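Some notes on the structure that comes next.
Just the heavy atoms: all of them, side chains too, but no hydrogens, waters or symmetry mates, feed the values below. Source: prediction; values computed, not measured. Every chain is numbered from 1, with letters handed out A, B, ... down the list of sequences.
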Amino acid sequence: TQLLEQSPQFLSIQEGENLTVYCNSSSVFSSLQWYRQEPGEGPVLLVTVVTGGEVKKLKRLTFQFGDARKDSSLHITAAQPGDTGLYLCAGPFSGTYKYIFGTGTRLKVLA
Amino acid sequence: EPEVTQTPSHQVTQMGQEVILRCVPISNHLYFYWYRQILGQKVEFLVSFYNNEISEKSEIFDDQFSVERPDGSNFTLKIRSTKLEDSAMYFCASSGETYTNYGYTFGSGTRLTVV
């Protein structure tokens, strides 16, 4: 069974700090997506990583796909209160049309 | 920026009643999905729809659920006889040509409360 485990589950940090959240699986994924979800809203796509070892940057957010395409990380530099939200990784379930979602990391950035 | 639109944003219904959740996907997208998220839990796949038919469904998507694209723009999820455990946020999503590598655009969701 393909599962995506995210860590940490919860993270509360001060504005200006750096942080990294992780998305891990024992299975290989053809791609992984990262989403941010705010309360009462749908997930918003941040990035898709496709190639093993790929690094993508979105302003202060840096996403990396593991060489073996089994894991990914999201690093936020100088976190701001606007970064607060639930961060989800997701990937296509092998051989199907569906995505599976990770367990999520709930981030709170304090001013 | 193109959006996926869902209506209503919140629906309260009596147990046993039928509900229809509506979605307008992005116009040039080809793949359509319904997901749900029970409060505090993971986003769970319900069904995918392509070329006017269901391409995949989960074990959650039993006989009380159905989907339809009645007019080429709307995409609906019908729950025939709602149960208390159907209470959740229901998200519609759509994606472009290559479903695996483009990710989804999600709507803002419909919060369904079954009482």
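The shortest side-chain heavy-atom distance between E41(A) and F91(B) does not fall under the 4.5 Å cut-off. At least one side-chain heavy atom of V43(B) sits under 4.5 Å from a side-chain heavy atom of L88(A).
The hydrophobic cluster containing W34(B) does not contain I26(B), counting ILVMFWY residues as joined when their side-chain heavy atoms lie under 4.5 angstrom apart, directly or transitively. Both L58(A) and W34(A) belong to a single network of hydrophobic side chains, linked directly or stepwise wherever heavy atoms of I, L, V, M, F, W or Y lie under 4.5 Å apart. Linking Ile, Leu, Val, Met, Phe, Trp and Tyr whenever their side-chain heavy atoms come within less than 4.5 Å leaves Y90(B) and F45(B) in two separate clusters.
Shown here is R36(A), whose CZ atom has more than 12 heavy atoms of other residues, nucleotides or ligands within 6.0 Å. In this structure, D62(B) places its CG atom where more than 12 heavy-atom neighbours from other residues, nucleotides or ligands lie under 6.0 Å away. Counting heavy-atom neighbours within 6.0 Å of Q80(A) CD, excluding the residue itself, gives a total above 12.
Looking at Q37(A), only its side chain comes within 4.5 Å of chain B, counting heavy atoms on both sides. Heavy atoms closer than 4.5 Å to chain A are found in the side chain of Q37(B), but not in its backbone.
Closest approach of K42(B) to L3(A), counting heavy atoms only: NZ-CD2, 4.5 Å.
A donor-acceptor contact shorter than 3.5 Å is absent between the side chain of Y35(A) and the backbone of F106(B). Side-chain atoms of Y35(B) come within 3.5 Å of backbone N or O of Y99(A) as a donor-acceptor pair.
Note that the CD1 atom of I100(A) and the OG atom of S58(B) stand 13.0 Å from one another [nearest 0.5 Å].
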